[in-house]
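One structure is given here, and the rest of the page talks about it.
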Amino acid sequence: MATTDDESHLTRGNINLKTLSETFQLPYYELKQVETIFPVKITPYYFSLIREKDDPIYRQVVPDIRELDGQGLFLDPLAEDRDAPVKSIVHRYPDRCLFLISHECAAYCRFCTRKRKVGDPKKIGMHLIEEGLRYIEQHREIHDVILSGGDPLMLRDATLESILRRLRKISHVEILRIGSRVPCFLPQRVTPALCAMFKEYHPVYMNVHFNHPDELTGESERALALLADAGIPLGCQTVLLKGVNDDPFVMRSLMQKLVRARVRPYYIYQADLVVGTEHFRTDVRKGLEIVKAIRGWTSGLAVPHFVIDAPGGGGKIPLIPEYVMRITNNEVVMRNFRGRVYRYRQAVEHSVHSEIESREMDLF
Ligand SMILES: *Cc1c(COP(=O)(O)O)cnc(C)c1O
Ligand code: SF4
């Protein structure tokens, strides 16, 4: 299998604090103070997408002193560390697990849920991978492995391939998924060689991460097209963020651009209760309003699920705008996307259903 070993040039030349301080008139010592707690990294490419201070691209990656007020929030809000049987695995759902294989990302999102871990090779790293592989081998109930981190695409092609090859040897592992923000932050990393390599390990799915329509540049669209052409079904996970995308028109435009790039919007996440990210959080009703503004108004392919990853490790819980107004034995009264009311008559033999229901109830 052809692999390249020269991806390292792509991570050179990242924007440093001095440049940030000079470009946006930010006090250097404040940037430095934030950096001592949470890592800072911005690719020159993503930096070039910033049009002005405080715009949606800027807010996602430029450190903010507000990251240091941490009252009432958690370092590990999803209790991932509790569901980690070994350091590199988060096993919360019956048939699938996260496998954290890279501590690095192309750039660091200021709102990251794993703020406590990313950028720290001691917490996620190569030396922990073997243990993770052994865990997956020993747990026959795992059918779906989600490679995450950090960002798996920050590994060299050869390293990534050695992990995929090992996973493919495990007969109960059916689906491989990769979660990556590289197509957004560093689309140049997605090469024909990388895609050809993935193709050898199908079914490989990828969930990318875009939060704003301005992120879908020609470069990113080229990367997504290469991945899609390699037969990798693409999904997108978007985080709902104040001042970035907490607007129905911005979100709708993002979802439409994703679908055009052959990416199926998968989740919109309510921002997690992560320490240092309070300034990004929105009212939960904003997410519902956004989903309502997309459903029915544009292609159903462009409508993701809005979820809250429940604090304390409850997993993802979908929040669905209310369309059903009333449901009785005789009819359903419901509202359509325009808010008009419609009635649907129930089947006449509803008494049969009640019987089935009561029998099923006994099972629990
Ligand atoms: C999100 C997540 C998954 C995958 O969930 P899906 O709904 O199948 O995409 C698996 N494990 C953990 C711990 C997760 O947080
Ligand atoms: S790319 Fe993902 S893991 Fe990396 S900093 Fe952003 S949200 Fe966190």
Side-chain angles (χ1 to χ4, degrees), residues 11 14 38-43 46 57 59-63 67 76-85 88-120 123-124 132 136 139 141-155 174-187 189 205-212 215 233 235-241 244 264-272 274 276-277 280 304-318:
T11 63
N14 285 318
F38 302 118
V40 176
K41 185 156 76 173
I42 309 173
T43 56
Y46 197 72
I57 304 293
R59 282 173 199 261
Q60 292 187 67
V61 289
V62 178
E67 291 175 46
D76 177 20
L78 308 180
E80 288 191 329
D81 294 342
R82 199 190 56 206
D83 281 338
S88 56
I89 299 276
V90 185
H91 193 184
R92 167 167 304 152
Y93 293 105
D95 66 341
R96 57 206 188 280
C97 70
L98 302 185
F99 187 12
L100 311 180
I101 59 170
S102 161
H103 69 278
E104 231 186 313
C105 299
Y108 290 113
C109 309
R110 307 322 302 165
F111 51 85
C112 179
T113 296
R114 299 205 190 102
K115 253 178 132 105
R116 70 192 187 284
K117 277 189 163 169
V118 290
D120 185 347
K123 295 192 176 155
I124 310 174
I136 296 167
H139 287 77
E141 71 275 19
I142 297 174
H143 299 308
D144 177 356
V145 175
I146 300 150
L147 300 176
S148 182
D151 198 312
L153 294 198
M154 293 308 285
L155 300 175
E174 293 165 358
I175 296 166
L176 299 174
R177 283 200 249 178
I178 297 168
S180 176
R181 205 173 180 189
V182 156
C184 174
F185 280 153
L186 188 61
R189 166 73 184 90
Y205 283 67
M206 189 176 291
N207 269 330
V208 296
H209 176 174
F210 287 85
N211 292 331
H212 193 277
E215 294 170 343
C236 182
Q237 321 206 71
T238 295
V239 184
L240 177 54
L241 300 165
V244 173
R264 176 83 164 87
Y266 184 50
Y267 287 138
I268 293 177
Y269 288 96
Q270 172 69 16
D272 291 325
V274 192
T277 65
F280 281 115
H305 298 286
F306 174 48
V307 298
I308 297 186
D309 218 333
K316 298 173 185 72
I317 302 179

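Below, each value reflects all heavy atoms present in this structure, side chains not excepted, and no hydrogens, waters or symmetry copies. Whatever order the structure lists them in is the order used to number ligands and atoms, beginning at 1.
- Taking a cutoff of 4.0 Å between a charged side-chain nitrogen and a carboxylate oxygen, Lys117 and Asp81 qualify as a salt bridge.
- In terms of polar-atom proximity, defined here as any N/O pair under 3.5 Å, Arg96 does make such a contact with ligand 1.
- Near Ile146, meaning under 4.0 Å from any of its heavy atoms, are these atoms of ligand 1: 3 (C), 4 (C), 10 (C).
- Of the candidates Leu147, Ile142, Ile146, Leu147 is the only one forming a side-chain contact (heavy atoms from CB on, under 4.5 Å) with Phe99.
- In His305, the NE2 atom is not crowded: 12 or fewer heavy atoms of neighbouring residues, nucleotides or ligands sit closer than 6.0 Å.
- Annotation: atom 3 (S) of ligand 2 to nearest protein heavy atom, Cys105 SG, 3.6 Å.
- No heavy atom of Glu80 sits closer than 4.0 Å to any atom of ligand 1.
- Annotation: Tyr205, atom OH; neighbour count of heavy atoms from other residues, nucleotides and ligands within 6.0 Å does not exceed 12.
- Put simply, the side chain of Asp309 reaches to within 4.5 Å of the side chain of Lys316, judged on heavy atoms.
- Considering backbone and side-chain N/O atoms, Lys316 comes within less than 3.5 Å of an N/O atom of ligand 1.
- When non-hydrogen atoms are compared, ligand 1 lies under 4.0 Å from neither the backbone nor the side chain of Gln237.
- Where the criterion is an N or O separation shorter than 3.5 Å, residue side chain and backbone included, Asp144 fails it with respect to ligand 1.
- For ligand 1, the atoms sitting less than 4.0 Å from at least one non-hydrogen atom of Val90 are 13 (C), numbered in the order shown with element in parentheses.
- For ligand 1, the polar-atom distance check against Arg92 finds no nitrogen or oxygen pair separated by under 3.5 Å.
- For Tyr269 against Phe306, the heavy-atom pair with the smallest separation is C-CE1, 4.4 Å.
- Between Asp83 and Arg92 a salt bridge is recorded (basic side-chain N to carboxylate O distance below 4.0 Å).
- Proximity to Tyr267 (heavy-atom distance under 4.0 Å) selects the following atoms of ligand 1: 6 (P), 7 (O), 9 (O).
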Practice task
Let me see the working for Arg114 and Ser148 under side-chain contact (heavy atoms from CB on, under 4.5 Å), right down to the final yes or no.
Solution key: CA-CA 11 Å; Arg114 299 205 190 102; Ser148 182; 3.2 Å; yes
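- In the candidate list Cys109, Ser102, Pro39, Cys109 is nearest to atom 7 (S) of ligand 2, counting heavy atoms.
- At a cut-off of 2.8 Å, Cys112 is counted among the residues with an N, O or S atom near atom 8 (Fe) of ligand 2.
- For Tyr266, a nitrogen or oxygen atom sits less than 3.5 Å from a nitrogen or oxygen atom of ligand 1, counting backbone and side chain alike.
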